[in-house]
Chemist: 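The structure's right below; bear with me while I get my questions together.
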Amino acid sequence: MAQPSTTQSTRYNPADVEHKWYQHWLDQRYFESKPDHREAFSIVIPPPNVTGVLHMGHMLNNTIQDILIRQARLEGKNACWVPGTDHASIATEAKVVKMLRERGIKKSDIGREEFLKYAWEWKEKYGGIILKQLQKLGASCDWSRTRFTMEESLTKAVFRIFVDLYKKGKIYRGKRMTNWDPEALTVLSNEEVIYKEENSRLFHVRYQIEGTDEWIIIATTRPETIMGDTAVAVNPKDERYAHLQGKRAIVPLVNRSVPIIFDNYVDMEFGTGALKVTPAHDMNDYEIGERHSLEIIDIFNDNGTMSEAAQLYIGEDRFKVRKLVAKDLEAAGQIVKIEDYRNTVGRSERTDAIIEPRLSLQWYLDMKEFAKTALDAVDKKEVQFFPEHFWNMYYNWLNEDNIRDWCISRQLWWGQRIPAWYYGEHTFVAETAAEALELARRQTGNAELQLEDLRQDEDVLDTWFSSWLWPITVFDGFESPEELRYYYPTNVLVTGWDIIFFWVARMVMAGYEWSGDLLGEAVAQKKGIMPFKDVFFTGMVRDEQRRKMSKSLGNSPDAMALMDKYGADGVRFGMLSSAAAGNDIVFDAPFDPKSKKVLSESKRCEQGLNFCNKMWNALRLLNGLPQQEEALNEESAAINALATTWFSNKLRQTNRKLKDQFKSYRLSEAIMNLYTFIWGDFCSWYLEMIKPPYEQAIDRPTYERSLEFFETQMSLLHPFMPFVTEEIWHLLRDRKSGEDCIISQLPAEEEFDAALITKVDTAIEIVSKVRDARNKNGIKQKEPLELFIRKTPQTSELFELEGLQEMICKMAYLSKLTFAEEDVPNSISFLAGPGKYFLVLNKTIDVAAEISRLEGYLKKAEGFMKGVNAKLNNQRFVDGAPAAVVEKERKKQADGMARIKALTEELEKLKGG
RNA sequence: GGGCGAUUAGCUCAGUUGGUUUAGAGCACCUGCCUUACAAGCAGGGGGUCGUUGGUUCGAAUCCAUCAUCGCCCACCA
């Protein structure tokens, strides 16, 4: 068993502590979970990219998951947090390509097989780093369950559902516009295209209406595509062109006759309101072409030069042709004018080449029904979002006007290769090559066919096509659903809102599609169910200029360095204390203009470390106290009795609040709740109340209660700051094996005495006011003073509370506390709670200062009364508001009047005397 | 262009269905303390007419509308 350190040092040192306890937890197998009789609580990790390194977003995300899983574990649930990584096909392939390039190897030279060998090597080498880093953060994942989206069994599941969807007719192959990089000669995904505003020119070109002397003027930024024009389009509402119905126009230079069509897409306000349509080279034109069955003429070669189909300028580069066409049109008198113009141009992230929209054959998944399922799930609250407003974003993407079929093929090698084989005109979709071959033999009637005769699709599947199954596949749901029945649906998904479409929505779809069959009898009518009950959206972590923290911007502090400096607990505190659900968090790491780097420093994390230190020293105080059976005297017996009763009630109150905060995922509130409670109520008040004078002993019962309080607080705080709490837990008492904070018991929810808490609050207010009076009058903190209480029914009742007087005397260093029938002359007076108090200073009072102080109070009280009176004098308020509210206002009025009266009297006396 | 969100103390943010709040917390700031648990600390303090203008209501930081500023997502105009 791990040994706790000694408490000699006044400084808490996380480095000594954190690794030790993490290893201990691993040795005790606390993170591991197997189905049993207990209630399950499961979370699947959003798998980070396999070759990624820990950044601030991961830190936040995984800290939150760890808090929830540790809390569940403490609540006695069977907590299971499944870790893993994503193969991230684009990102990883790009890294491998770069690595190979640095070694002078070109991807195209080595071929698919060898490339994949390098890629796997790379994965083996760097794949574990991020998981190791998560361990440093304290993540209590069941590491024996670590999965990878491209491991064998997950890949098998991917092929299985691909075939399933293909059979259901939801997967199809279709031609669509894609982003073509004419330099790299490859299709790019939307994520790899960067759009930027650039300067260009808008050409106004005139086209003749066939068989007339009339012209129609169109505006274009890309005159070189004129040879691919197959229509001219105008808006059907545009009266200027209404008469052109059924007419045709002549495309200049190539003199082709094309139809004039009417389409709502055309913006009447833009340019001349007329548009040339080039279906092969523009996304929108393609869609117009589809609607009007236009001819498609592809005028470019792969490398961006003109093809035979262009008829003119064959073999010349597209940008050279733009100039040539402009010149030739000008010469032919076809150009009306040329304007300067700014438009957005898409460039390849890797080669910076201007993207050419191009038709290509891709695999698609029909999303219509899926989208409806996913919408219903949230609509019927089967899945709940925190915060709720993300529903709007989700709805906006999934509703039928916006939803688009999912392009699931990628022109990459690192990934799951599409399980489709071709033979001539035939396509065979099967889970394995052997099955495909069998299909092929059966369907072609050719029993002699061999695998070599078939050609497998070259593309791989989109990464998300494996991750949308993650909540099912990590439990081997498709192979043996026993575990799925226990752990599914998972309790909560914790993720950034930036992947709400890519991932969250799609997991919901997959859950409903397949879990029903897999869960079998466990689910009514075998209807699929949601993959998680709650979704907790974390914000993006941003720098002080509100930019997203990212590696490419270099604005992110080094996560590992932060933890070295402040400890994992400190960093967890720092991240969380500013992370309200769904709100982006601005992380306070300073930027050093000299080194042009973000420093791994943070005030918030420092606060977390200071908090550890505070608790560490509270521990040192308790551990260092000598003990004896009886209390020192009657006074301390009374104080200790009051202090323990009061604190146990505060503890229950805090526990109640904390439970609510967990239920609604208000975790940043929860940690601040614990912070102020432990630091303020426990250390500053409770411990000071019970602390015996120097080298005196504390009575054993109070000591014992104090240990219990401390322990309970460590359990409550454990999910947030696991290391320091475990360490203190062990230093508080001698523990047997297995008595660890990580599996300790949380206090049950109990009623608390609110009236008692209010009374002690008033006492605390009195103490503070006395201290303030000392401060303002330059009197030493420990100089004994006498305090008088103006006797009223309220103050009498307050001071009936056993130990209250003694406690106030101790905390405020008062020599004596006396009830007075009259106001006490030559004293400092103040109000606290319902009473009035007089502090006798052993020196002359500065009357002028006293007057101005009291006038300040009076002004505030009068302002307050104005509001209250205005309400009560309003007959409609008295009639309209609920009786309880009116009653409260009446009480406020009475209290306020009393306060003003007391202050006025006091002021008169001071002024008069 | 479509959608979402934000605007509260010098900074970062709470304020959960309108009424125990002329508004809370942390940091920063100011004053006094090296007091035998803690200077990574202790005690105390100052600071905001809740972005604008209207409206609903007995009552608005909170609900509605408008404008302003900022941020994000999606689609992209030839």
Chemist: Rounding to an integer number of Å, can you tell me how far Arg876(A) CZ sits from rC58(B) C1'?
Modeler: 6 Å
Chemist: Could you tell me whether the phosphate oxygens of rC74(B), OP1 or OP2, come under 4.0 Å of any side-chain nitrogen or oxygen in Asn396(A)?
Modeler: no
Chemist: For a side chain to side chain contact (heavy atoms under 4.5 Å, CB included) with Tyr813(A), tell me which candidate from Glu783(A), Lys782(A), Lys780(A) qualifies.
Modeler: Lys782(A)
Chemist: As a test of reading the structure: which of rA37(B), rA25(B), rA43(B) is closest to the side chain of Cys683(A), going by heavy atoms?
Modeler: rA37(B)
Chemist: Given atom CE of Met575(A) and atom P of rU12(B), what is their separation to the nearest angstrom?
Modeler: 16 Å
Chemist: Report which part of the nucleic acid Phe203(A) touches: base, sugar-phosphate, or nothing (heavy-atom distance under 4.0 Å, all strands).
Modeler: nothing
Chemist: Can you check whether Lys603(A) has a side-chain N or O nearer than 4.0 Å to OP1 or OP2 of rA28(B)?
Modeler: yes
Chemist: How about Phe611(A) and Asp569(A): do any of their side-chain heavy atoms sit closer than 4.5 Å?
Modeler: no
Chemist: For this output row, return yes or no: ring centroids of Phe386(A) and Tyr665(A) closer than 6.0 angstrom.
Modeler: yes
Chemist: For Thr220(A) and Glu688(A), find the nucleotide of RNA chain B closest to each by heavy atoms; which residue's nucleotide sits nearer the 5' end?
Modeler: Glu688(A)
Chemist: What is the distance from NZ of Lys810(A) to C1' of rU35(B), rounded to the nearest Å?
Modeler: 14 Å
Chemist: As a test of reading the structure: which of rC77(B), rG45(B), rG26(B) is closest to the side chain of Asp267(A), going by heavy atoms?
Modeler: rC77(B)
Chemist: Under 4.0 Å between a side-chain N/O of Lys614(A) and OP1 or OP2 of rC42(B), yes or no?
Modeler: yes
Chemist: Which residue is it: Ile218(A), Thr278(A), Val277(A)? I am looking for the one with a side chain to side chain contact (heavy atoms under 4.5 Å, CB included) to Asp229(A).
Modeler: Thr278(A)
Chemist: Whole angstrom is fine here: how far is it from CD1 in Ile728(A) over to P in rC38(B)?
Modeler: 15 Å
Chemist: Starting at CG of Asn392(A) and ending at C1' of rG5(B), how long is that distance when rounded to a whole Å?
Modeler: 10 Å
Chemist: In whole Å, I'd like the distance from the NZ atom of Lys776(A) to the P atom of rG45(B).
Modeler: 6 Å
Chemist: Check this one for me: any side-chain N or O of Tyr265(A) less than 4.0 Å away from OP1 or OP2 of rA75(B)?
Modeler: no
Chemist: Given rA40(B), is OP1 or OP2 found less than 4.0 Å from the side-chain N or O atoms of Thr10(A)?
Modeler: no
Chemist: Would you say Ser768(A) places a side-chain N or O within less than 4.0 Å of OP1 or OP2 belonging to rG44(B)?
Modeler: yes
Chemist: Once you apply the 3.5 Å cut-off to both distances, tell me the Watson-Crick or G-U wobble partner of rU62(B), or none.
Modeler: none
Chemist: Checking contacts here: which listed nucleotide (rA25(B), rC42(B), rC76(B)) is nearest the side-chain heavy atoms of Trp679(A)?
Modeler: rC42(B)
Chemist: Contact class for Glu388(A) vs. all strands (heavy atom < 4.0 Å): base, sugar-phosphate, or nothing?
Modeler: nothing
Chemist: In whole angstrom, give the distance that lies between atom CG of Asp229(A) and atom C1' of rA78(B).
Modeler: 11 Å
Chemist: Choose from rG44(B), rC58(B), rC27(B) the nucleotide whose nearest atom is closest to any side-chain atom of Phe877(A).
Modeler: rC58(B)
Chemist: Just call it for Arg604(A): base, sugar-phosphate, or nothing, with non-hydrogen atoms closer than 4.0 Å on any strand.
Modeler: base
Chemist: Closest nucleotide of RNA chain B for Leu275(A) versus for Leu619(A): which of these residues is on the 5' side?
Modeler: Leu619(A)
Chemist: According to a strict under-4.0 Å criterion, is Asn284(A) in side-chain N/O contact with OP1 or OP2 of rC77(B)?
Modeler: yes
Chemist: Under 4.0 Å: is that the gap between some side-chain N or O of Trp497(A) and OP1 or OP2 of rC74(B)?
Modeler: no
